[in-house]
*Asks:* 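Here it is, the structure, as structure tokens.
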Number of protein chains: 2
Amino acid sequence: MPKETFFNLPEAKRQRLIDLALAEFAENDYDTASISRLVAQAGIAKGSFYQYFENKEDLYTYLLALGAEAKAQFLGSNPPDPAMGTFAYIRWLSAAGIQFELARPQLSQIGYRAVRGGALPAALQEQARTGAAVFFRQLVEQGQARGDIAPEIDADLAAFLFNVIFTELGGYLLNRLPDEVGKDDGRSLFETPEAARLFDQVLHILEAGMGTT
Amino acid sequence: MPKETFFNLPEAKRQRLIDLALAEFAENDYDTASISRLVAQAGIAKGSFYQYFENKEDLYTYLLALGAEAKAQFLGSNPPDPAMGTFAYIRWLSAAGIQFELARPQLSQIGYRAVRGGALPAALQEQARTGAAVFFRQLVEQGQARGDIAPEIDADLAAFLFNVIFTELGGYLLNRLPDEVGKDDGRSLFETPEAARLFDQVLHILEAGMGTT
DNA sequence: CGGTCATGTGACTGGCTGGTCATATTGAAA
DNA sequence: TTTCAATATGACCAGCCAGTCACATGACCG
């Protein structure tokens, strides 16, 4: 946790620091991200940074927590229809994930790095990974309880598939359809028939393969 | 490319160096892998290393090439039935990939890191990534030409799905079924009904979702 | 004014990195 | 035995890094 000093900072300065830290950790992995660079960018002394945070990992976990909170809030502000079927829910979930990626690219990138691993404190990586795994596992079990996913499907395996596909799908679509990005309206990507077609096709494949119909 | 000096080395010494380098780059990503550590391990002088290789990247690309060659040879030595359908071929391909992972874990790990990205020279990453993408793309197009994959499926999207699933599936299975690993016979993983069941289920899902039947 | 407490500072430490280079060793040919 | 090119060496360099600490600044209070 950041120290009290950090939260005592004037709002503007604190936010500026957060923004610069987000930029640093979005552009670089944990090892490559540099506190020296960050403080130089921010125009504060190295010592001041260590008045705000215990150490590098402290800042990083704080940014991760910010990202998790922002994403939860983002998803909560566009809640899905509760009566939605499992596959429709998954479609909604990943569409919302891409919206979030467009709206908060830095936060997304940092979370992506955490889940996808690479150089970062082992404990954090494990936490992020298992968090995602558990979530998808529950999703699948719920889907089977509701009769949306065939009971003979191995729940853990299906969770793995959802996890890996939807972790990467956003990046794939954004990379494939770069022209659709950058319009002021974050929803633009899904107004194009092309994006919707690809999206639906993935869901259709999974539903045909795992569904009960 | 390594310098001539490297290839002039006595076979035993050269192989020993390669083995230690494989260990170093399998355990650490490109940035974290350390030439200083490597030469200390090998008991040679820092300067000697730079008589053998241009620099760190030179060694790394050499190891990657070794890995690619070893894998190609491995796959070539268990060739699939040429009359095999596309999905059976994909099943064979990923099973062989896991066998390779069991037989040459260090080479696999290095290749995995290259494809999956993280800290490494951008040019190499791009090369590894697009190499895999192109391969799967061709696979899908061939599958459509043979009538195994439905023509209305977006070929690039399907290639993406195969790519992402089979890049991660090996690690998932190895992680989920660790007891099956470690037996002297590399083929052991697939003699267990459990592994075969999971494997078949993935293929079944994909075939039901993308096939023509 | 003096005191006290939170905050700010940047030179500094110790440790690591990839890479260089003048020098030493080796081994074989002449 | 002399010579000469290939190879081996490790001290050294510049550049990073995370983290520390003795000290400076500033603000509020009596």
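Residue numbers begin at 1 in each chain, while the letters A, B, ... track the order of the sequences.
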*Asks:* Rounded to whole Å, please give me the gap between NZ in A:K46 and C1' in C:dG14.
*Replies:* 12 Å

*Asks:* For B:A33, report the nucleic acid contact type (base, sugar-phosphate, nothing); a contact means any heavy atom under 4.0 Å.
*Replies:*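 If one applies the 4.0 Å heavy-atom cut-off, B:A33 turns out to touch the sugar-phosphate alone, with no base involved.
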
*Asks:* Looking at A:Y50, I'd like to know whether one of its side-chain N or O atoms comes within less than 4.0 Å of OP1 or OP2 on C:dG8.
*Replies:*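 False: A:Y50 side-chain N/O out of range (4.0 Å or more) of C:dG8 OP1/OP2.
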
*Asks:* On the nucleotide D:dA18, are OP1 or OP2 found under 4.0 Å from the side-chain N or O atoms that A:S34 carries?
*Replies:*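 So the side-chain polar atoms of A:S34 do come within 4.0 Å of the phosphate oxygens OP1 or OP2 of D:dA18, strictly under.
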
*Asks:* Please confirm whether the shortest side-chain N or O distance from A:N8 to OP1 or OP2 of C:dA6 is below 4.0 Å.
*Replies:* no

*Asks:* When the ring planes of B:Y30 and B:Y60 are compared, do they come out parallel, tilted or perpendicular, using 30° and 60° as the limits?
*Replies:* perpendicular

*Asks:* Identify which one of B:N163, B:L93, B:T130 satisfies the side-chain contact (heavy atoms from CB on, under 4.5 Å) criterion when paired with B:F135.
*Replies:*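 With B:F135 as partner, side-chain contact (heavy atoms from CB on, under 4.5 Å) holds for just one option, B:L93.
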
*Asks:* How many whole angstroms separate atom CG of B:L17 from atom P of D:dA8?
*Replies:* 10 Å

*Asks:* Counting just side-chain N and O atoms, does A:K56 come under 4.0 Å of either OP1 or OP2 of D:dA18?
*Replies:* yes

*Asks:* From CG of A:L38 over to P of D:dA18, roughly how many Å is that when rounded to an integer?
*Replies:*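 Atom-to-atom, A:L38 to D:dA18, this comes out as 10 Å.
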
*Asks:* Which one, D:dC17, D:dG10, C:dG8, comes nearest to the side chain of A:Y52?
*Replies:*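 The answer is C:dG8.
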
*Asks:* Which part of the nucleic acid, if any, lies within contact of A:S48, taking any heavy atom under 4.0 Å across all strands shown: a base, the sugar-phosphate backbone alone, or nothing?
*Replies:*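 A:S48: base contact, heavy atoms under 4.0 Å.
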
*Asks:* Could you check which of D:dA8, C:dG18, C:dG8 has an atom nearest any side-chain atom of B:S36?
*Replies:*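 It is C:dG18.
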
*Asks:* Consider the side chain of B:I44, meaning its heavy atoms from C-beta on, and name the nucleotide among D:dT9, C:dG19, C:dT9 that approaches it most closely.
*Replies:* D:dT9

*Asks:* What is the distance, rounded to the nearest whole Å, between atom CZ of A:F49 and atom P of C:dA11?
*Replies:*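 It is 19 Å, rounded to the nearest whole Å.
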
*Asks:* Whole angstroms only, please: what is the CD-P distance between A:Q51 and C:dG8?
*Replies:*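 After rounding, the reported distance stands at 7 Å.
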
*Asks:* I need the CG-C1' distance between A:D29 and D:dC17, as an integer number of Å.
*Replies:*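 Checked: the CG to C1' distance equals 14 Å.
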
*Asks:* Is the distance from OP1 or OP2 of D:dT7 to the nearest side-chain N or O of B:T5 less than 4.0 Å?
*Replies:*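 Yes, within the criterion.
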
*Asks:* Is the distance between the ring centroids of A:Y62 and A:F6 under 6.0 Å?
*Replies:* yes

*Asks:* Calculate the interatomic distance between B:N28 atom CG and C:dT17 atom C1'; express it in whole Å.
*Replies:*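 Rounding to the nearest Å, CG of B:N28 and C1' of C:dT17 are 13 Å apart.
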
*Asks:* Please give, in whole Å, the distance from C:dC5 C1' to A:E4 CD?
*Replies:* 13 Å

*Asks:* Look at A:R116 together with A:D29 and state whether they make a salt bridge at an N to O cut-off of under 4.0 Å.
*Replies:*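 Here A:R116 does not pair with A:D29 in a salt bridge, since their nearest N and O are not under 4.0 Å apart.
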
*Asks:* Ignoring backbone atoms, establish whether A:K13 has a side-chain N or O less than 4.0 Å from OP1 or OP2 of C:dG8.
*Replies:*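 Yes.
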
*Asks:* Is A:R129 paired with A:E126 through a side-chain N to carboxylate O contact shorter than 4.0 Å?
*Replies:*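 No, this pair does not count.
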
